[in-house]
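Working notes for the structure below.
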2 protein chains.
Amino acid sequence: MSKVKETSTNFANKMALADECPEAYASNIIGGQWTLVICSWLMQGKLRFSELKNLLPNITERMLTLQLRKLEEHKLVKRTVYAEVPLRVEYELTSIGYALKPIIKQLEDWGVKHRAEVGG
Amino acid sequence: MSKVKETSTNFANKMALADECPEAYASNIIGGQWTLVICSWLMQGKLRFSELKNLLPNITERMLTLQLRKLEEHKLVKRTVYAEVPLRVEYELTSIGYALKPIIKQLEDWGVKHRAEVGG
DNA sequence: CAGGATCCAACATGATACTG
DNA sequence: CAGTATCATGTTGGATCCTG
């Protein structure tokens, strides 16, 4: 990491860990409340806004929008707007988004195991 | 999942997803800002409070305490207090905590890849 | 249909000071 | 050393209403 001038009052060190550490970096991207769940559904193919909303019964439209925007920003999903009436918007995973698959798999395995052992 | 009385105004559905879905369940447990980073360090062995604090330069004592308590609650770490002067407290992973290793590994790999493709 | 805008409550987190 | 207590603030997320 680059040295920080000692005279500065050390702003900006917040992301220092993420800068160094791939797992913290990754965690910042996919750590959101809904990120993995959304990606998990999208693994099976494109979905429309309303389809996602129905698959995620607990999410508000607002949150879904925000989450999808974040995923788009991080290039995990691609958003396609079809100029039809009524409007249609589809979301699909990018290659790097699709690369989350093994993580999700491991996470599922661990979740099952943890629930069995600890019994959440 | 058990049926919810239609007459009820549907509180409590918040955790419905986590109830069903192992990956959401897992994500709720390890999704915290610091969880994975702390566990990652503990993979290499026991650590004291102050050691962890020094390894996580951006964390406040308060946060570290909170996070460790949460990890303890979820049985990911074990806390051992040694009645010495000065006081010594050590944290170590439980077996289910240690089982996070493949997840962390996958996450690191993905982080590296994402950073290479998308570029911070 | 797929959001955007606005307002507000709840929670997460930092700063600071104190303790067994 | 390893915390706890308290206050202050920022961020998140829900509710509601509006729009291309």
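Lettering follows sequence order; numbering is per chain, from 1.
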B:Arg48 side-chain N/O to D:dA2 phosphate OP1/OP2 under 4.0 Å: yes

Of residues 64-77 of chain A, the positions that come close to DNA chain C - non-hydrogen atoms, cut-off under 4.0 Å: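 A:Thr65, A:Arg69, in order of number.
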
[X] [atom1] to [N] [atom2]: how many Å, rounded?
X       : N      : atom1 : atom2 : value
A:Arg88 : C:dG3  : CZ    : C1'   : 17 Å
A:Leu56 : D:dG14 : CG    : P     : 12 Å
B:Leu52 : D:dA2  : CG    : P     : 10 Å
B:Asn58 : C:dA12 : CG    : P     : 20 Å
B:Leu47 : D:dC1  : CG    : P     : 15 Å
B:Phe49 : C:dG20 : CZ    : P     : 17 Å
A:Gln33 : D:dG14 : CD    : C1'   : 13 Å
A:Arg79 : C:dG4  : CZ    : C1'   : 12 Å

Shortest non-hydrogen contact between B:Ala99 and B:Pro102, atoms and distance: O-CD, 3.3 Å

Nearest atoms (heavy-atom pairs only) where B:Leu36 meets A:Glu23: O-OE2, 4.1 Å

Bend angle of the helix from C:dC1-D:dG20 to C:dG20-D:dC1, end axes from five pairs each (to 10°):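 Its terminal axes enclose an angle near 60°.
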
Among D:dG14, D:dG3, C:dA2, the nucleotide that comes nearest once only the side chain of A:Met63 is considered: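 Comparing D:dG14, D:dG3, C:dA2 against the side chain of A:Met63, the answer is D:dG14.
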
Side-chain donor/acceptor pairs under 3.5 Å, residues 90-98 of chain A, sequence neighbours excluded:
residue, atom, partner, partner atom, Å
A:Glu90, OE1, A:Tyr82, OH, 3.4
A:Glu90, OE2, A:Arg88, NH1, 3.2
A:Tyr91, OH, A:Arg79, NE, 3.2
A:Thr94, OG1, A:Lys75, O, 2.5
A:Thr94, OG1, A:Leu76, O, 3.3
A:Thr94, OG1, A:Gly97, N, 3.1
A:Tyr98, OH, A:Lys101, NZ, 3.4

Can you tell me how far [atom2] of [Y] sits from [atom1] of [X], rounded to the nearest 0.5 angstrom?
X        : Y        : atom1 : atom2 : result
A:Trp110 : B:Ile103 : CH2   : CD1   : 6.5 Å
B:Gln106 : B:Lys113 : CD    : NZ    : 10.5 Å
B:Trp34  : B:Asn58  : CH2   : CG    : 5.0 Å
A:Tyr25  : B:Glu108 : OH    : CD    : 14.0 Å

Under-4.0 Å salt bridge between B:Lys53 and B:Glu61: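 Yes, B:Lys53 and B:Glu61 are salt-bridged.
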
4.5 Å side-chain heavy-atom contact, A:Leu64 and A:Thr60: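 Heavy-atom side-chain distance check fails, nothing below 4.5 Å.
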
Side-chain touch A:Thr80/A:Val89, heavy atoms, less than 4.5 angstrom: no

With sequence neighbours excluded, residues passing salt bridge (Lys or Arg N to Asp or Glu O under 4.0 Å) with A:Lys105: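 Expected list: A:Asp109.
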
Residues which pass salt bridge (Lys or Arg N to Asp or Glu O under 4.0 Å) with A:Arg62, listed by chain and number, not counting sequence neighbours: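 Result, salt bridge (Lys or Arg N to Asp or Glu O under 4.0 Å) vs A:Arg62: none returned.
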
Nearest-nucleotide comparison on DNA chain D, the residue closer to the 5′ end among A:Thr60 and B:Ser50: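 Residue closer to the 5' terminus by nearest nucleotide: B:Ser50.
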
Sugar-phosphate only, base, or nothing, as touched by B:Tyr91 at under 4.0 Å among non-hydrogen atoms: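 Sugar-phosphate: the residue B:Tyr91, judged by heavy atoms under 4.0 Å, touches backbone atoms but no base.
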
Might you list the N or O atoms of the protein lying below 3.5 Å from N or O atoms in nucleotides 16-20 of chain D, with each pair's distance?
none

